[in-house]
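Heads up, the thing below is written out as structure tokens.
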Amino acid sequence: MSAGRDRTVEIYRRHLSSGRALISEFTGGHVESTATGARVRTQQDEFLDCGGYGVFILGHRHPRVTAAVVEQIHRNPMSTRLLLEPTAAVAAEALVEVAPPGLQRVHFVNSGAEAVEAAIKFARAAGRTRLISAIGGYHGKTTGALSLTARPVYQDRFRPLLPDVAHVPYGDIAALAEALAAGGPACVVVEPVQGEGGVVIPPQGYLLAVERLCREHGALFVLDEIQTGLGRLGHWWGADREGTTPDVLLVGKNLSGGVIPVAAVLATDEVYEPFSQDPLLHTSTFAASPVAMVAASTSIAVLRDEDLVTRAGQLGAVIVDRLREVFDQHAPHLPTEVRGAGLLIGVEPPTPHVAGDLVLELYNRRVLVNHSLNAGGVLRLTPPAVLTDADLEWLFTAFADAVRVVAARHAPVPERTS
Ligand code: PLP
């Protein structure tokens, strides 16, 4: 069942979010209809999707993932949860095979925030009741996860959140050492690169130093790879960039293949022991549904078979270089930093106003990008690793045109000569 454009907007206004309905009026009221690869079609137009909040490393509707999911729907979409179920076993083994060493246990959940919640419970079960996360970090918006997402605009209306949570500057090892020394057993939760924080890449060696400090202080080291994991950074994991080994690793977004929501917590045998002993200690009705499990295992297979992790690294380097040239050429008076790791790319113009203008001008050229939830002044691109040459051409042409328009709008005012 589907509704046309006007009716969709009207139902959003009345029954979903009137704020979303209002935004859609500014952006022409487009309503998604179909999607393939990097292209999303509305009833009137086609968009190049370089946003998607990091979900579509395989593009939209990768044929192998959709085929596996459709086949599973016809066979056994939801499990009894009493009998053992083979798709979960296959997905768990597939994840462990590509995971950093030592992470032997997999706990499937339905969303990134649920993975964070589970990690918090793993930490508590292991006696680590104090939590430490990084300023600018994003870990989701359920109440436990939100306690780690240190942003007043998301937190303030929901206090009190979890107690005993400290936030330290990202990339600052001395600050983390101080926080760890300041209390009892802790659990440290950080991202390898802060995505929603505005594509913040920490100094080389940061993750290894975090791991070392956690070992010294008996803290649990949780690496949140919900946005960075499964190829986004041009490596299987952000952990691989430094050869670090967390106690717990969180994965989501790309695990879905862009087809069925699914996330997971990977843990060492030791950390998972209480949950392994008592499988009812932390459960969720829909977790590890067979449709999600085949999406997960097939997505991992596609990443490997099509060598998309390497491709993400190559494409990312090409895009970053080209966007830097565009800004140098067309907007020298608007010093803009373009930075990235693989296909997690941030574009930070001198002011949030310029960033907002750019998002809209790209939208006018039918290119979708995201702003960063914790850094409104940073445009974020998380394009698929299956971008074609035609997609790249579209992206670069749109960027050059959009930057030219925005550069003219924000032209320096000539000095008056009297
Ligand atoms: N952790 C990180 C690093 C994220 O980027 C996100 C979402 O953007 C989350 C956790 C929360 O995931 P979800 O939105 O699926 O709950």
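Just follow the structure's listing: the first ligand is 1, and inside any ligand the first atom is 1. Note: hydrogens, waters and symmetry copies are ignored here, and every other heavy atom, side chains too, is used.
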Under a 4.0 angstrom heavy-atom cut-off, which atoms of ligand 1 come close to [X]?
| X | answer |
| --- | --- |
| His139 | 1 (N), 9 (C), 10 (C) |
| Glu191 | 3 (C) |
| Asp224 | 1 (N), 2 (C), 3 (C), 10 (C) |
| Glu196 | 8 (O) |

What is the nearest protein non-hydrogen atom to [atom], stated with its residue, atom name and distance?
| atom | answer |
| --- | --- |
| atom 12 (O) of ligand 1 | Gly112 CA, 3.3 Å |
| atom 2 (C) of ligand 1 | Tyr138 O, 3.2 Å |
| atom 5 (O) of ligand 1 | Gln227 NE2, 2.8 Å |

key: Asp45 and Arg366 ion-paired at < 4.0 Å   = yes
inquiry  = I'd like to check atom 14 (O) of ligand 1 in this structure: does the protein have a heavy atom lying under 4.0 Å from it?
reply    = no
query = Is it true that Lys253 lies under 4.0 Å from ligand 1, counting heavy atoms only?
reply = yes
ask   = Does the side chain of His62 pick up a donor-acceptor pair with the side chain of Glu306 at under 3.5 Å?
value = yes
ask   = Would you say Ala113 has any N or O atom under 3.5 Å from an N or O of ligand 1, going by distance alone?
value = yes
query = Are Lys253 and Tyr53 in a cation-pi contact, defined as NZ or CZ under 6.0 Å from the six-membered ring centre and within 45° of the axis?
reply = no
request  = Could you name the option among Gly54, Ala115, Gly140, Pro192 that has the heavy atom nearest to atom 11 (C) of ligand 1?
outcome  = Gly140
ask   = Mind checking what makes side-chain hydrogen bond (donor to acceptor under 3.5 Å, both in side chains) contact with Thr36, not counting sequence neighbours?
value = Arg61
message = Tell me if the aromatic rings of His282 and Phe122 count as close, with their centers under 6.0 Å from one another.
response = no
